[in-house]
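In what follows, a structure is listed as structure tokens, so that the remarks can point back to it.
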Amino acid sequence: GMKFRTLCWFNNELWIGTAEHGILIYDPVTGLTHAFTPPVIEGTLHAVNCMMADSEQQLWIGTRNEGLYRYNPFTAQFTRCRYREDQPGSLRKDFVLSLFEDRQGIIWIGLSGGGVAKYDIYNSIFHTIRKNYRNNTQLNDNMLFSLYSNGDGQLFIGAQNGGVVKWNTNNNRFTSYKDISPSGVTHNTVYGIAPGKSGQLWLATWGGLCKLDLNASPSTAFTPYSI
């Protein structure tokens with residue numbers, strides 16, 4: 001059967017991203033589903049990993065090895081962003097794992113093997129932070145599955161093996177939260193981040209649901225939950 005990767009509520013319809021067949025659109029009023037046919041574009045739109053509707057009512061579409069797309073439903077403009085070796089401000093990878101817009105309207109992009117990118121809307125370029133193998137006090141992983149921020153300059157990044165990294169973009173400081181308990185290695189693969197009470201985040205990890213206490217020391221901040 002068809003593999004669904006992601007869902008997004010957009011323009012009063014349910015947009016369904018698939019692993020190989022682009023995007024399907026479900027209309028809850030008619031009960032009908034049809035394929036999204038983008039305007040004529042360079043390349044293809046097949047392998048959709050993630051989607052996000054931003055505050056300007058534009059749809060961002062992250063793909064597997066096909067780059068990042070932005071769709072404006074008012075003008076039907078379909079913009080593709082890709083890695084260009086000769087363009088320093090381009091995406092560093094065409095494999096997009098996660099998308100997030102913070103309260104300030106900043107778009108953040110988690111890349112597979114490419115770190116995290118911040119979209120500069122005024123100059124239409126991407127600023128990228130990647131793992132520094134010579135400096136472990138910064139981003140500790142380049143496979144970034146999840147992103148969250150409440151708009152106060154703190155970006156929380158869920159990684160493949162690096163747990164959660166808090167990046168204070170105001171002073172460019174990084175704090176790494178990893179579960180170092182004997183059974184905690186599976187909690188360091190973080191697929192989703194959601195806000196909880198003040199000072200807490202909820203994490204969807206390979207090892208199950210966890211609560212992250214931001215006021216605890218990074219090595220003791222994880223509390224696993226059984227459902």
Side-chain angles (χ1 to χ4, degrees), residues 4-10 14-15 17 49-62 68 96-112 115-119 121 127-129 137-181 184-227:
F4 294 171
R5 291 291 190 199
T6 184
L7 301 172
C8 184
W9 186 254
F10 182 63
L14 182 64
W15 289 54
N49 266 345
C50 51
M51 293 186 291
M52 181 196 70
D54 69 15
S55 55
E56 301 294 325
Q57 292 305 304
Q58 298 192 62
L59 185 70
W60 295 77
I61 304 163
L68 175 68
V96 180
L97 291 172
S98 49
L99 293 164
F100 184 79
E101 181 186 25
D102 67 22
R103 290 181 183 175
Q104 296 175 328
I106 297 172
I107 306 296
W108 301 90
I109 303 103
L111 302 171
S112 175
V116 60
K118 173 184 176 181
Y119 181 61
I121 192 170
H127 301 284
T128 305
I129 296 291
T137 64
Q138 297 183 1
L139 193 61
N140 63 10
D141 203 316
N142 275 330
M143 296 282 287
L144 306 179
F145 291 140
S146 51
L147 301 167
Y148 171 74
S149 173
N150 60 9
D152 62 355
Q154 313 271 357
L155 181 68
F156 295 90
I157 304 166
Q160 182 182 43
N161 297 307
V164 173
V165 176
K166 180 177 73 174
W167 176 21
N168 186 330
T169 61
N170 299 314
N171 58 20
N172 205 34
R173 291 185 178 178
F174 294 79
T175 305
S176 178
Y177 295 87
K178 292 187 74 171
D179 190 341
I180 60 172
S181 64
V185 63
T186 57
H187 299 146
N188 293 323
T189 299
V190 180
Y191 296 114
I193 303 173
K197 295 180 181 178
S198 178
Q200 297 178 350
L201 294 175
W202 290 97
L203 311 177
T205 78
W206 185 29
L209 180 66
C210 288
K211 183 174 70 175
L212 186 69
D213 184 354
L214 299 173
N215 297 316
S217 67
S219 60
T220 62
F222 284 77
T223 303
Y225 277 76
S226 297
I227 298 179

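Between Asn188 and Asn161, the closest side-chain pair of non-hydrogen atoms is not below 4.5 Å. Proximity of Thr186 to Thr205: side-chain heavy atoms (C-beta onward) are nowhere separated by under 4.5 Å. Side-chain contact between Tyr177 and Leu214 is present, with at least one heavy-atom pair separated by less than 4.5 Å. Residues Leu111 and Val96 meet the side-chain proximity criterion, which asks for heavy atoms closer than 4.5 Å. A heavy-atom distance below 4.5 Å is found between the side chains of Phe222 and Leu212. Proximity of Leu155 to Asp102: side-chain heavy atoms (C-beta onward) are nowhere separated by under 4.5 Å. With a 4.5 Å cut-off on side-chain heavy atoms, Val116 and Ile129 count as touching.
Summarising the geometry, atom CD1 belonging to Ile61 is positioned 8.5 Å from atom CG belonging to Leu68; distances are rounded to the nearest 0.5 Å. Between the CG atom in Leu147 and the CD1 atom in Ile193 there is a gap of 7.0 Å [rounded to 0.5 Å]. We find the CD1-NE2 distance between Ile109 and His127 to be 11.0 Å, quoted to the nearest 0.5 Å. From Leu201, atom CG reaches atom SG of Cys210 across 12.0 Å, with rounding to the nearest 0.5 Å. Atoms OG1 and CD1, on Thr169 and Ile106 in that order, are 6.5 Å from each other to the nearest 0.5 Å. Separating the CG atom in Asn150 from the CZ atom in Arg103 is a distance of 5.0 Å, to the nearest 0.5 Å.
Contact detail for Pro218 and Thr175: the closest heavy-atom pair is CG-CG2, 4.0 Å. In plain terms, the two heavy atoms of Leu99 and Gly62 that are nearest each other are CD1-N, 3.9 Å. Closest of all the heavy-atom pairs between Cys50 and Thr6 is CA-CG2, 3.7 Å. Glu101 and Met52 get closest at one heavy-atom pair: N-SD, 3.3 Å. Closest non-hydrogen pair, Asn140 versus Gly162, comes out as ND2-O, 3.2 Å. Residues Cys8 and Met51 approach most closely at CB-CB, 3.9 Å, considering heavy atoms.
Every residue meeting the side chain to side chain contact (heavy atoms under 4.5 Å, CB included) condition with Gln154, not counting sequence neighbours, appears here in chain and number order: Asp152, Phe156, Lys166, Asn168. Here Ala216 pairs with Asp213, Thr220, Ala221 under the side chain to side chain contact (heavy atoms under 4.5 Å, CB included) rule; sequence neighbours left out. With sequence neighbours excluded, the residues forming a ring-ring contact (aromatic ring centres under 6.0 Å, His included) with Trp167 are Trp108, Phe174, listed by chain and number.
Heavy-atom contacts from other residues, nucleotides or ligands closer than 6.0 Å to CG of Leu7 number more than 12. Residue Trp9 places its CH2 atom among more than 12 non-hydrogen atoms of other residues, nucleotides or ligands, all under 6.0 Å distant.
The aromatic ring centroids of Phe100 and Tyr148 lie less than 6.0 Å from each other.
Using bins of under 30°, 30° to 60° and over 60° for the plane-to-plane angle, the ring pair Phe10/Trp15 lands in the perpendicular bin.
Thr128 places no side-chain N or O within donor-acceptor distance of the main-chain N or O of Gly115, the cut-off being under 3.5 Å. Counting only distance, with no hydrogens or angles, the side chain of Thr189 and the backbone of Gln160 share a donor-acceptor pair below 3.5 Å.
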